[in-house]
There are 2 protein chains.
Amino acid sequence: MKLTDKKRMQILDAAEELFHSSGVEHTSMDQLALQAKVSKRTVYNHFATKDALFQAILQRMFDKLAEGGEVRFDATQPIAQQLRRIAQDEVALLSSAAFLRVAKIAIMQVMQRPELAQHMNNSSLGCKRYIDNFLTDACAAGVLQIADIPFAGKQFIYQLKSFVFYPSLFGLEQQTPAQQAHIINEAIALFLARYQSKPG
Amino acid sequence: MKLTDKKRMQILDAAEELFHSSGVEHTSMDQLALQAKVSKRTVYNHFATKDALFQAILQRMFDKLAEGGEVRFDATQPIAQQLRRIAQDEVALLSSAAFLRVAKIAIMQVMQRPELAQHMNNSSLGCKRYIDNFLTDACAAGVLQIADIPFAGKQFIYQLKSFVFYPSLFGLEQQTPAQQAHIINEAIALFLARYQSKPG
DNA sequence: CATGTAAACTGCACGGTGTAGTTTATATAT
DNA sequence: ATATATAAACTACACCGTGCAGTTTACATG
């Protein structure tokens with residue numbers, strides 16, 4: 001690997017670390033150069049401004065997270081089991097260190113500069129990408145009965161986010177795998193109690 | 001009212017306004033004194049440091065919010081109607097300018113200084129104070145069937161928070177009263193589908 | 001294998017700016 | 001009279017971003 005690429009990576013790694021632990025505002029470029037083991041001038045040779053560096057960090061972290069499989073509706077499988085797969089993937093994402101890092105950095109920035117909010121929200125990660133399609137198919141197959149599919153999808157995701165993501169984000173507590181399993185089971189039970197088609 | 005108390009209030013009002021609109025970091029003490037129509041020296045006569053002023057603001061805002069009625073379970077009324085009262089109160093709180101202000105300021109600080117997280121979380125506002133008692137009574141009366149009452153209470157509140165509070169907090173969108181009514185209805189429908197006692 | 005060279009890195013000083021908090025001298029309210 | 005408010009200048013410091021002289025790295029050419 002070229003030296004310049006190595007240095008660039010050191011800078012990005014340091015920025016990710018410091019922006020996360022101290023916030024963008026409280027991270028000085030001197031401190032950052034020190035942590036990256038790079039001269040401050042080199043930082044500025046790679047990134048014209050602090051804001052450019054911040055944008056690059058955010059992009060890199062989003063790219064890292066963009067992967068992730070899609071669960072498609074399968075009429076031959078029990079609906080609960082399929083929802084569990086979706087929920088497990090989502091909880092794994094929401095509680096991953098990588099996701100929490102980018103979320104914390106992004107949210108801190110958004111709260112300080114509300115004008116950036118719209119720009120951020122358009123990036124679709126996790127099951128948000130496909131859940132509407134999944135629910136539509138499940139309704140078409142007669143397994144679920146949902147009047148407002150996007151709303152119901154949000155209800156499901158929000159259950160997971162509220163119990164898993166926000167508590168971690170605000171530094172309150174992490175869940176054990178057993179607790180996560182309980183959260184997932186209850187989210188599914190709640191969802192199916194409302195939307196599963198009744199026989200008869 | 002004494003002059004000094006009047007000035008103190010002007011300072012607190014200005015701080016609340018500016019800390020909310022610009023963030024604590026981006027509010028200078030000069031700007032603050034200007035907005036309060038008070039000399040900067042007077043600010044420092046009342047509050048030794050910027051941080052002391054911030055703490056005072058937070059305390060005052062919490063105190064303002066600490067009021068609020070309690071809904072007690074009433075076996076003679078339909079459960080859906082009682083849950084609607086609770087939800088309406090909660091949504092009114094969560095979408096009030098006062099609550100959003102203190103929440104934004106507090107959360108920004110918590111995210112920058114995680115060691116303060118525990119301290120904040122212990123303050124109980126809104127229906128969080130009484131919902132466990134309400135659900136316990138409703139179960140005892142046979143109207144609801146809930147295995148894990150604290151968990152179910154959270155499920156209910158989190159529905160409201162997710163749809164009403166976080167989107168406003170992150171500056172994404174405000175809901176119209178009609179949308180809020182829809183959110184409340186769906187939260188209740190979801191909750192009762194899962195937990196309402198079935199006849200038979 | 002020796003030498004040249006272009007690109008990248010380093011270290012440091014510096015300009016400009018913003019801001020927390022202080023000082024001083026004066027005016028005003030109770 | 002005496003405590004408090006005011007205005008404006010001042011100190012001390014932290015930070016962003018730049019300029020530059022000199023050094024290192026990677027690689028090509030003789």
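Labels below follow one simple rule: chain letters A, B, ... track the order of the sequence lines, proteins then strands, and each chain is numbered from 1. Note that the structure is a prediction, hence the values are computed from the model and not measured.
Residues A:Ser168 and A:Gln175 have side chains in contact (heavy-atom distance under 4.5 Å, counting atoms from C-beta outward).
Partners of A:Asp13 by side-chain contact (heavy atoms from CB on, under 4.5 Å), not counting sequence neighbours, listed by chain and number: A:Met9, A:Arg60. When the salt bridge (charged side-chain N to carboxylate O under 4.0 Å, His left out) test is applied to A:Asp30, the partners found at least two apart in sequence or on another chain are A:Lys40. B:Asp51 meets the salt bridge (charged side-chain N to carboxylate O under 4.0 Å, His left out) test with B:Arg113; sequence neighbours excluded. Residues forming a side-chain hydrogen bond (donor to acceptor under 3.5 Å, both in side chains) with B:Thr42 (at least two apart in sequence, or on another chain): B:Ser39. Scanning for salt bridge (charged side-chain N to carboxylate O under 4.0 Å, His left out) contacts around A:Glu70 gives A:Arg72, with sequence neighbours left out.
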Atom pairs and distances, side-chain donor-acceptor, residues 86-102 of chain B, under 3.5 Å, sequence neighbours left out:
from	atom 1	to	atom 2	distance (Å)
B:Glu90	OE1	B:Cys127	N	2.8
B:Ser95	OG	B:Val91	O	2.7
B:Ser96	OG	B:Leu93	O	2.8
B:Ser96	OG	B:Phe99	N	3.1
B:Arg101	NE	B:Glu16	OE2	3.1
B:Arg101	NH2	B:Glu16	OE2	3.3

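Evaluation of the salt bridge (charged side-chain N to carboxylate O under 4.0 Å, His left out) test over residues 144-169 of chain A, restricted to residues two or more places apart or in two chains, returns none. Within the structure, the salt bridge (charged side-chain N to carboxylate O under 4.0 Å, His left out) test picks out no pair touching residues 130-144 of chain B (sequence neighbours left out). Every pair passing ring-ring contact (aromatic ring centres under 6.0 Å, His included) that includes a residue from residues 128-160 of chain B is listed here, sequence neighbours excluded: A:Phe163-B:Phe151, A:Phe163-B:Tyr158, A:His182-B:Phe151, B:Phe73-B:Phe134, B:Phe156-B:Phe191.
As rounded to whole Å, 11 Å separates atom P of C:dC9 from atom NZ of A:Lys6. The distance from atom CG of A:Leu53 to atom P of D:dC16 is 11 Å, rounded to the nearest whole Å. If you measure from atom NZ of A:Lys7 to atom P of D:dA26, you get 10 Å, rounded to the nearest angstrom. Here D:dT25 presents its C1' atom at 13 Å from CG of A:Asp5, a figure rounded to the nearest Å.
Scanning residues 24-38 of chain A for heavy-atom distances under 4.0 Å to DNA chain D yields A:Thr27, A:Ser28, A:Met29. Contacts between residues 39-47 of chain A and DNA chain D, defined by a heavy-atom separation under 4.0 Å, are made by A:Lys40, A:Arg41, A:Tyr44. Of all the residues in residues 9-20 of chain A, not one reaches under 4.0 Å from DNA chain C with any non-hydrogen atom.
When atom types are taken as modelled, the side chain of A:Lys37 and the backbone of A:Gln35 share no donor-acceptor pair closer than 3.5 angstrom.
Between B:Thr49 and C:dA20 there is no side-chain polar atom (N or O) within less than 4.0 angstrom of OP1 or OP2.
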